[in-house]
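Heavy-atom basis, side chains included; hydrogens, waters and symmetry copies ignored. For ligands, and for the atoms within them, numbers begin at 1 and follow the listed sequence.
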Amino acid sequence: MNLKGKHIILGITGGIAAYKSATLIRLLVKAGAEVQVVATAAALEFIRPVTLSALTGKPVISEFFTANTGEWHSHVDIGLWADAMVIAPATACTLAKMATGVADNMLVTTYLSAKAPVFVAPAMDLDMMAHPTTTRNLAMLAADGVHVIEPASGELASHLVGRGRMEEPEKIVEVLDAFFGKGKTMQGKRILLTAGPTIERIDPVRYIGNFSSGKMGYAIAEEAARRGAEVILVSGPTSLSVSHPGITKVDVESGREMYEACLKHFPQCDIAIMAAAVADYTPAEPRDKKIKREHEDVESIRLVKNPDIAAALGREKTSEQKLIGFALETDSAIDNGREKLSRKNLDAIVVNSLADAGAGFGTDTNKISIISADPSQDITTYPLKSKDAVAADILDYIETL
Ligand code: CTP
């Protein structure tokens with residue numbers, strides 16, 4: 001319902017998923033949006049322009065000029081007209097052109113002129129999707145502020161099974177709807193957020209780490225930024241990137257580095273959310289040369305405790321600041337959560353249990369409970385949801401604090 005009256009440029013590129021464009025247009029138009037298709041020449045090999053123009057009520061734009069009339073299509077005007085530009089399917093070729101600014105067709109030229117937010121829904125075979133070039137191009141686009149609607153895994157047109165299938169039109173419309181629907185309810189707030197694992201060096205080639213993927217923390221960062229917050233994301237090593245310009249990412253490696261970054265930024269923040277899986281211990285004497293099996297008989301490594309970041313912020317926090325922790329437990333989740341809530345002086349703690357299917361590290365879903373330090377609120381439990389939806393629940397909760 002947030003798409004009503006919105007002007008959407010639908011960029012279509014030459015992949016088999018272009019056949020889904022008809023459904024996508026249908027859904028956008030049904031939601032009240034006006035759609036202008038800008039298609040590459042290759043896209044029109046997969047889907048006929050008459051299908052597209054019949055659904056949008058507007059001629060398809062593909063070339064800079066209409067050949068027989070000589071009419072010029074202004075990429076600048078179309079770019080300014082749009083409230084959002086969506087490129088679906090986005091092939092590896094178009095993503096590469098967008099990442100590097102190769103404006104050799106109407107679609108990429110329009111992208112370069114568009115002032116509106118841009119979304120891409122990649123679609124390609126799994127090997128192309130997994131290629132470092134594609135990963136690099138997507139990371140560059142994300143850094144430029146392009147929203148990447150991640151492809152799904154499943155059977156591909158090649159009959160191979162893997163990641164690369166364009167997200168379903170229903171889901172793409174949902175993403176756009178949510179984008180336009182979000183109120184800027186966290187405008188003016190500055191949020192410090194930790195995410196991912198920390199890694200603790202043993203020697204130059206080995207470390208102590210954990211299975212945290214960072215997905216939950218990154219989902220919170222994106223959602224908070226969409227709500228207008230300024231987010232400082234202090235992240236341990238992950239394979240994730242951020243797309244919203246409201247997020248400033250501070251990369252750290254060890255728990256000690258994360259601690260120092262957090263202490264530096266916390267005084268300027270209104271809210272701190274501790275979603276990182278910080279290593280509790282670190283090698284007491286990390287070696288600067290590789291430990292050799294033959295020459296040294298290492299049977300144990302002496303460890304020392306890392307600083308507890310959440311507890312340190314709990315001691316520093318003023319009455320104006322809110323501090324939210326996480327507890328991932330294997331057993332007695334709620335009891336352990338309560339204990340950490342009070343020991344670290346948190347305002348609330350998000351508890352999840354590895355005992356729940358679909359919760360925990362690496363998954364795209366999570367199942368949480370939130371315990372409040374305010375005894376009148378106590379505990380709120382939520383069903384299993386996508387990490388994006390869980391991020392929204394957590395921020396809705398924090399907004400009530
Ligand atoms: N945390 C932190 N710094 C640490 C350890 C934990 O900031 N050195 C934060 C986590 O980000 C999380 C909360 O504290 O928000 C709870 O983390 P957890 O590892 O469960 O707590 P621990 O006190 O380390 O307890 P456990 O013995 O279960 O590991």
Side-chain angles (χ1 to χ4, degrees), residues 191-201 207-221 224 231-238 250-267 269 271-284 303-317 321-356 359-361 366-373 379 387 390-391 393-395 397-398 401:
I191 300 183
L192 173 66
L193 180 64
T194 65
T198 66
I199 66 174
E200 311 294 329
R201 283 180 187 243
Y207 64 84
I208 299 173
N210 61 66
F211 291 120
S212 170
S213 63
K215 282 182 183 170
M216 193 63 252
Y218 277 61
I220 296 172
V231 181
I232 298 163
L233 174 64
V234 180
S235 174
T238 72
V250 179
D251 288 311
V252 297
E253 192 178 277
S254 64
R256 165 64 59 180
E257 284 173 20
M258 188 173 272
Y259 171 77
E260 275 156 19
C262 287
L263 282 195
K264 177 174 157 209
H265 291 287
F266 187 53
C269 291
I271 301 164
I273 307 173
M274 307 278 98
V278 186
D280 288 327
Y281 293 91
T282 191
L303 301 175
V304 290
K305 261 197 183 140
N306 255 338
D308 187 326
I309 305 165
L313 302 191
R315 287 190 294 272
E316 300 265 313
K317 128 181 128 161
Q321 291 175 307
K322 298 289 172 207
L323 177 61
I324 291 87
F326 272 72
L328 174 61
E329 305 291 339
T330 52
D331 47 73
S332 311
I334 301 298
D335 289 346
N336 285 326
R338 275 193 213 286
E339 184 275 321
K340 286 174 190 173
L341 176 77
S342 86
R343 172 160 52 92
K344 302 187 189 215
N345 192 25
L346 308 171
D347 294 287
I349 190 159
V350 180
V351 180
N352 50 10
S353 169
L354 278 181
D356 286 328
F361 290 145
N366 204 358
K367 186 173 183 319
I368 58 158
S369 301
I370 304 181
I371 310 174
S372 170
I379 181 162
K387 282 191 172 162
V390 172
D393 286 341
I394 291 171
L395 291 171
Y397 186 94
I398 292 172
L401 289 177

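- Taking CG of D347 as the reference point, atom CD1 of I370 lies at 12.5 Å (rounded to 0.5 Å).
- Atom CD of residue E339 and atom OG of residue S332 lie 11.5 Å apart, to the nearest 0.5 angstrom.
- Proximity to F326 (heavy-atom distance under 4.0 Å) selects the following atoms of ligand 1: 12 (C), 13 (C), 15 (O), 16 (C), 17 (O).
- Note that CG of L328 is 9.5 Å distant from CG of N210, once rounded to the nearest 0.5 Å.
- At least one heavy atom of R343 sits closer than 4.0 Å to an atom of ligand 1.
- Per-residue contacts place K344 under 4.0 angstrom from the following atoms of ligand 1 (heavy atoms of the residue considered): 1 (N), 6 (C), 9 (C), 13 (C), 14 (O), 16 (C), 17 (O), 21 (O), 22 (P), 23 (O).
- Using a 4.5 Å heavy-atom threshold, the side chains of L346 and I324 count as separate.
- Regarding atom 4 (C) of ligand 1, its nearest protein heavy-atom neighbour is V278 CB, 3.5 Å.
- For ligand 1, the polar-atom distance check finds no N/O of A275 at less than 3.5 Å from any of the ligand's N/O atoms.
- Looking only at protein heavy atoms, the nearest one to atom 26 (P) of ligand 1 is K340 NZ, 3.7 Å.
- The protein heavy-atom contact nearest to atom 8 (N) of ligand 1 is P307 O, 2.9 Å.
- Distances below 4.0 Å separate heavy atoms of D280 from the following atoms of ligand 1: 5 (C), 24 (O), 29 (O).
- Distances below 4.0 Å separate heavy atoms of G325 from the following atoms of ligand 1: 15 (O).
- Protein heavy atom in closest approach to atom 3 (N) of ligand 1: I309 N, 3.0 Å.
- Closest to atom 10 (C) of ligand 1, if we only count protein heavy atoms, is A276 O, 3.5 Å.
- Ligand 1 is never approached by G255 to a heavy-atom distance shorter than 4.0 Å.
- Checking S254 against Y207 by side-chain atom types alone, no donor-acceptor pair falls below 3.5 Å.
- The distance from the NE2 atom of H265 to the CG atom of L313 is 12.0 Å, given to the nearest 0.5 Å.
- Side-chain contact between F326 and I273 is present, with heavy atoms from C-beta onward closer than 4.5 Å.
- Taking atom 7 (O) of ligand 1 as the reference point, the nearest protein heavy-atom neighbour is A310 N, 2.8 Å.
- Here the CD1-CD1 distance, from I271 to I398, works out to 6.0 Å after rounding to the nearest 0.5 Å.
- No option in T194, N306, V250 other than T194 meets the side-chain contact (heavy atoms from CB on, under 4.5 Å) test with M258.
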